[in-house]
Amino acid sequence: MEKKCQDAVFGTMTYKHGWRKKETLTLFEKEWPVTISAAAYREEPITQEEKSSYQNFVEHTTKLMKIAEQQLKEYVCENLVELKEYDPNIDVESLENYVTPKTLLFQQDGTTLLLLECTWDDENGIAVKLLPEIAIGAQDLFL
């Protein structure tokens, strides 16, 4: 049986390797189904830092998603020659065809990561760190 919790900030969450729920985010003017995840081990409660980060994200979603778009465009522009070795068709102007947001992860320390699949790195994917500061790179750099 799945364990559920009703959190005052996140709402109804289900435990599966962390607290999760489904939502929709807009990236590159397209709506994407994503998993909202609060990191937890052995069904620990959601931390105050995770709650604060989630509230911050909800209050500034549009701005933070624009930052994510800009970070992804800059990353692809800066690494285009290398990325084209893995996906010769990659195009900065149509990144929605090359990245797929999957998870918005709130780590126990309050760090917020947007985790995406990408055509140039099937194994690791890419992550945009949105809070507390902005960074981008392979997911394994942040997880």
Side-chain angles (χ1 to χ4, degrees), residues 2 4-5 7-143:
E2 290 184 334
K4 293 190 179 215
C5 79
D7 184 80
V9 175
F10 279 90
T12 303
M13 302 283 277
T14 303
Y15 189 83
K16 182 178 181 183
H17 310 295
W19 294 104
R20 299 169 181 255
K21 69 177 182 175
K22 295 289 187 187
E23 282 190 11
T24 302
L25 290 179
T26 301
L27 185 72
F28 298 117
E29 299 178 11
K30 183 177 175 183
E31 289 196 351
W32 304 86
V34 297
T35 299
I36 304 298
S37 182
Y41 306 100
R42 295 179 301 281
E43 301 176 19
E44 293 172 341
I46 296 169
T47 67
Q48 188 56 49
E49 291 82 1
E50 289 168 316
K51 292 177 186 189
S52 295
S53 290
Y54 181 70
Q55 284 176 312
N56 191 357
F57 181 83
V58 169
E59 290 171 16
H60 303 285
T61 298
T62 302
K63 175 185 169 197
L64 290 169
M65 294 310 290
K66 290 293 179 201
I67 290 170
E69 289 175 7
Q70 189 60 37
Q71 288 294 307
L72 288 162
K73 286 179 182 179
E74 288 175 13
Y75 180 87
V76 170
C77 283
E78 290 170 8
N79 298 284
L80 193 57
V81 172
E82 180 185 334
L83 298 179
K84 280 193 173 278
E85 292 175 19
Y86 300 97
D87 184 346
N89 300 315
I90 194 166
D91 174 20
V92 177
E93 298 307 314
S94 59
L95 279 180
E96 69 277 5
N97 297 322
Y98 303 95
V99 297
T100 304
K102 289 296 186 180
T103 303
L104 186 62
L105 175 62
F106 297 89
Q107 294 180 319
Q108 291 183 325
D109 65 358
T111 299
T112 302
L113 299 169
L114 178 62
L115 306 177
L116 306 98
E117 292 179 350
C118 58
T119 59
W120 61 85
D121 190 346
D122 290 337
E123 189 174 314
N124 294 306
I126 191 162
V128 180
K129 183 178 178 183
L130 297 169
L131 297 168
E133 69 276 338
I134 307 298
I136 189 168
Q139 287 182 20
D140 60 353
L141 295 174
F142 302 102
L143 300 177

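All values derive from a computational prediction rather than experimental measurement. Computed over heavy atoms, backbone and side chain alike; hydrogens, waters and symmetry mates excluded.
- Across every non-hydrogen atom of Leu114 and Pro101, the tightest pair is CD1-CB, 4.2 Å.
- Residues passing the ring-ring contact (aromatic ring centres under 6.0 Å, His included) test with Tyr75, sequence neighbours excluded: none.
- Remark: Leu141 CG to Asn124 CG distance equals 8.5 Å, nearest 0.5 Å.
- Remark: Lys66 pairs with Glu69 by the side-chain contact (heavy atoms from CB on, under 4.5 Å) rule, at least two apart or across chains.
- Judged purely by atom type and a 3.5 angstrom limit, Tyr15 has no side-chain atom pairing as donor or acceptor with the backbone of Glu44.
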Evaluate the criterion side-chain contact (heavy atoms from CB on, under 4.5 Å) for residue pair Leu105 and Leu143; output intermediate values, then yes/no. CA-CA 10 Å; Leu105 175 62; Leu143 300 177; 3.6 Å; yes
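- A distance-only check finds no donor-acceptor pair linking the side chain of Trp120 to the backbone of Cys118 [under 3.5 Å].
- Summarising the local packing, CD of Glu29 is surrounded by 12 or fewer heavy atoms from other residues, nucleotides or ligands at distances under 6.0 Å.
- Residues satisfying the salt bridge (Lys or Arg N to Asp or Glu O under 4.0 Å) test with Lys51, not counting sequence neighbours, are Asp7.
- Rounding to the nearest 0.5 angstrom, the gap separating the NZ atom in Lys73 from the CG atom in Leu95 is 7.0 Å.
- For residues 74-91, no residue pair satisfies the salt bridge (Lys or Arg N to Asp or Glu O under 4.0 Å) rule, not counting sequence neighbours.
- Tyr98 contributes no side-chain N or O that, together with a main-chain N or O of Val92, makes up a donor-acceptor pair within less than 3.5 Å.
- Once rounded to the nearest 0.5 Å, the distance linking CD1 of Ile67 with NE2 of His60 reads 10.0 Å.
- Closest of all the heavy-atom pairs between Val99 and Trp32 is O-CH2, 3.5 Å.
- Nearest heavy atoms, Thr12 versus Lys21: O-CB, 3.6 Å.
- Rounded to the nearest 0.5 angstrom, Glu59 CD and Leu64 CG are separated by 10.5 Å.
- Partners of Glu2 by side-chain contact (heavy atoms from CB on, under 4.5 Å), not counting sequence neighbours, listed by chain and number: Lys4, Thr14.
- At a threshold of 4.5 Å between non-hydrogen side-chain atoms, the residues Phe142 and Ile136 do not count as touching.
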Could you check Leu27 against Leu72 for side-chain contact (heavy atoms from CB on, under 4.5 Å), going step by step and ending with a plain yes or no? CA-CA 11 Å; Leu27 185 72; Leu72 288 162; 4.2 Å; yes
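- Phe10 is linked by a ring-ring contact (aromatic ring centres under 6.0 Å, His included) to Tyr54, Phe106, counting only residues two or more places apart in sequence or in another chain.
- Under the side-chain contact (heavy atoms from CB on, under 4.5 Å) criterion, Thr47 pairs with Glu49, Glu50, Gln108, not counting sequence neighbours.
- Here the shortest heavy-atom pairing between Ala38 and Ile46 reads CB-CG1, 4.0 Å.
- Phe28 is linked by a ring-ring contact (aromatic ring centres under 6.0 Å, His included) to nothing, counting only residues two or more places apart in sequence or in another chain.
- Between Ile36 and Met13, the closest heavy-atom pair is O-CE, 4.0 Å.
- With contacts defined as side-chain heavy-atom distances shorter than 4.5 Å, the pair Thr111/Pro132 qualifies.
- In this structure, the side-chain contact (heavy atoms from CB on, under 4.5 Å) partners of Thr61, at least two apart in sequence or on a different chain, are Leu25, Phe57, Met65.
- Sorted by first and then second residue, the side chain to side chain donor-acceptor pair (under 3.5 Å) pairs with a member in residues 132-142 read Lys129-Glu133; sequence neighbours excluded.
- Partners of Thr35 by side chain to side chain donor-acceptor pair (under 3.5 Å), not counting sequence neighbours, listed by chain and number: Lys22.
- Minimum interatomic distance between Thr119 and Asn97 (heavy atoms only, all atoms of both residues): CG2-O, 4.2 Å.
- A distance of 5.5 Å separates CG of Leu115 from OG1 of Thr103, quoted to the nearest 0.5 Å.
- Residue pairs meeting the salt bridge (Lys or Arg N to Asp or Glu O under 4.0 Å) criterion with at least one partner in residues 105-124, sequence neighbours excluded, are absent.
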